[in-house]
Every structure is written in structure tokens, then in C-alpha cells.
Amino acid sequence: MVLGILSRARLIEDAEELFQWIKLQDWDKLRPYNAMIAAYYQAKRPKDAWDVYYQMLAEGIDPDDVTYDILVSGSGKNGYPIDRLFLEIKSRGVALTLRSYNVVICAFTKEGSIDKVEEVIREMIRQELRPDLFSFNALIAAYAMSRKPERGLQVFSNMKAAGVLPDIVTYTTLIQMFSRSAMHKEAIEMFEEMVVNKCQPDFFVYSLLVSVYGKAGLVADALLIFHRLQLEGHRPNIVTYTSLISAHLHKGLLEESRKHFSQMEAYGCRADVHLLNTMIDAYAKAGMVNDAANLLHRLTAQGVCPNRASYAIIVEGFLHAGHVDEALAAYASMSEAGFKDEKMSSRISRRSSPRR
DNA sequence: CTAGGGTTAG
């Protein structure tokens, strides 16, 4: 238990030290090993997690279903495929619990393998395990991810028919599903259905709604939700501000978006690369490539780490405006930052030395 | 000790 507390508090070194001490004790080591594997995943150190797992096998400690749940969910969260792991678990003859199946479903959802998600659900039903709220929510998330809102909606009615009550996560996932497929009207209607069903919106839902109204072009409503979120005692964070600023940018309200950006900074909320890209993309599309480049410089100086897209937007923006020299300069900073792109480079040079 | 939801662009 203490290992878990230390790892959640991001005190991985203390957790390691405690684990070394526990290993010297004459105790049952299964739970400490499980906790240490989980701790390394929490610390985003999947290799160390696997080392502990192999150590555990070498010590003759039998992993249980929880061990494998931790390995599966940790692998999924760290972007590793879980196919082989899932097969290995089954070949080891570990009895899979409902939770184990749900962990596997979530991991497959994260990697976007909708076919595998469906297959695992069929398999769990064959094992006479009834899909529960978690299973249904994960399945809806899988359809949301693969942009199949009709299928997601079908699952929603199946779950209600199966007597599983939707919760706030179900509604959040459905609203996000519609939003991703640009079905703004349906997203808003789902929010209304959620309220009618006495599901009190929380910070996540409000944050999502700011984005939904923004994408629907309803900036006033986005702002209204933003204020409601604050009125109900939540603190807007970088995600909320990104949605709000993006809502204004979509409508060409550049001055307003700048105002919210300064307000955000005054509020002590630091910009990140998502917001940077959102803003420079809007500036570039409005033909304000210089403003975009200035913002990139300013935020980089503040410690925001631009990615490939940040530079690519600027280079493309200058190219589009016919400013080849600026495009060249921007490409130079892009490769300096370690993002080389041969195709882009040759496209710029073709423009700078036109064929006779 | 283990499972779910929010942001940009494309």
C-alpha cells in the first residue's frame, strides 16, 4: 500500500528503496512485486516494469491475474501493443476476470484496434462474463475513436437494454464521439439527455462542451459554459483555455482570442504545444505568418517545446504566401530543432530557384 | 497492487 502511495506521489526513488527493503523481509512478495511493476509504469518506465516482472518469475513468485492486469494496462498506456502479452496470459492458464477483460479492451481501444475489441467482447461473452459499465464505455470509446458514431449509439442502446445504467463517463464519451465526427447537434443533444437523466456535468464535461460549442461556431455558448464552469467552482486549465481560444480563432475573432490568452497567462496557466499549434495554425491561415513565427519564438523562449507540426505550419504558411526566404529561414530553425524533412526542403528549394 | 471520460491540427 505504501508503495502505491509513493508511486502516486511520483516518489519513484523512495518506492524503489522501500521495495529493496521489503525484498529482505520474510513476507509474501506477490503484492509488493505487483505494486512495484505498477509503480514503474506510473513513472513511465515500462522497461523497468518488465525487469521486475522477470525478476519475480526468477524468484519463483507466481504472478496472478492482477499482475497481468497491471502489465496489460501499463503496456497500453505506454503505447506498446498487447497482442502477444494477451496470448501469453491465456497460454499461462491464468483465469481471466471481468476486470482483466476490461483492461484488455481498454488497451486495444487505445491502440485503435476496433476489430480486436469486438473479438474480446465476443470471447468474454463465450466465457459467460457479462459486459459491465466499463466494458460498454470502452466499446463506445473504441467506436468514437474509429469515427463510427452510429455503432457507438447502437452500443449505447444495447447497454441500456442490458440494464447497465450509463454514467458520466458514458455521456462524456458519447459527446466526444459526436464531436469528433463533426456531429455538433447530436453532441449537444447528448449533453441535454445527460442533464435530463440527472447526471450532473463535471469539469471534464464542461471542458469538452466548450470545445463542442466552439466547433459548432457558437462562441457565445462556449463562453457561457466557460463561465458556468468557473461559477461551479472549477479552475479552467490549459485544456479548457485551448478550447475557448480555438472557438474564437475559428470565428476569426483574433483580438478576443488574444485577450483570453493574456487572461490565461495572468491566471498562471502556462501555454503548451497544443495551444501553440492551434494559434499559429489560425494565424497562418489568416495570412499572419509573421505573428505565427513571433509566437513560436516567444513561447519557445518560455520553455514550450515545439514539435514538427509547429515548424511545418510556419514553413507552409510562408511558402503559401510566396515568402520563400522566410520559408527557408523557418526550415533552417526546423532542422536545427531536429525535425528534418527532405520533401519539404526540396519543395522550398524548387521555389527559390525556379526552372528556366 | 489492476480497468473508463476532456483540448489543437490533419
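Below, read A as the first sequence line, B as the second, and so on, with proteins coming before strands; counting in each chain starts at 1.
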Got a sec, which residues hit side chain to side chain contact (heavy atoms under 4.5 Å, CB included) with [X], two or more places apart in sequence or on another chain?
X         : answer
Val324(A) : Ile348(A), Arg351(A), Ser352(A)
Asp272(A) : Ile238(A), His274(A), Leu275(A)
Thr97(A)  : Asp65(A), Asp69(A), Arg99(A), Ser100(A)
Ala216(A) : His184(A), Leu218(A)

Heavy atoms only, 4.0 Å cut-off, all strands: where does [X] land among base, sugar-phosphate and nothing?
X         : answer
Val169(A) : base
His250(A) : sugar-phosphate
Leu133(A) : base
Phe203(A) : base
Val205(A) : base
Asp65(A)  : nothing
Met36(A)  : nothing
Asp281(A) : sugar-phosphate
Asp272(A) : nothing
Ile168(A) : base

Worksheet entry | Within residues 223-244 of chain A or reaching into it, pairs that qualify as ring pair (Phe, Tyr, Trp, His ring centres under 6.0 Å) - sequence neighbours excluded | Phe203(A)-His234(A), Phe226(A)-Tyr241(A)

Worksheet, complete the sentence: Residues pairing under salt bridge (Lys or Arg N to Asp or Glu O under 4.0 Å) where one sits in residues 141-153 of chain A, two or more places apart or in two chains, turn out to be Glu118(A)-Arg151(A)

Worksheet, complete the sentence: Apart from Phe204(A) itself, its cluster of hydrophobic side chains linked below 4.5 Å comprises none

Worksheet item: Is Leu87(A) isolated, or which residues cluster with it under the ILVMFWY side-chain rule of less than 4.5 Å, directly or via members?
Response: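 Via sub-4.5 Å side-chain contacts, Leu87(A) links to none.
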
Worksheet, complete the sentence: Residue pairs passing the side-chain hydrogen bond (donor to acceptor under 3.5 Å, both in side chains) test with at least one member in residues 295-311 of chain A, sequence neighbours excluded, are Asn277(A)-Asn307(A), Asn277(A)-Ser310(A), Asn307(A)-Ser310(A)

Fill in: Glu88(A)/Arg84(A) salt bridge by N-O under 4.0 Å criterion
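A salt bridge is absent here (no side-chain N lies under 4.0 Å from a carboxylate O).
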
Discussion item. Using the rule side-chain hydrogen bond (donor to acceptor under 3.5 Å, both in side chains), only one of Tyr40(A), Tyr41(A), Tyr80(A) pairs with Trp50(A); which is it?
Written reply: Tyr41(A)

Discussion item. Students should find this one: the first and last nucleotides of DNA chain B, 5' to 3', lying under 4.0 Å from a heavy atom of chain A. What are they?
Written reply: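 Contact span on the strand: dC1(B) to dG10(B).
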
Discussion item. Let's see if you get this right: which residues in residues 15-34 of chain A place a heavy atom under 4.0 Å from DNA chain B?
Written reply: Arg31(A), Asn34(A)

Discussion item. Short of 4.0 Å, heavy atom to strand atom, which residues of residues 326-342 of chain A count as contacting DNA chain B?
Written reply: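 DNA chain B contact set from residues 326-342 of chain A: none.
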
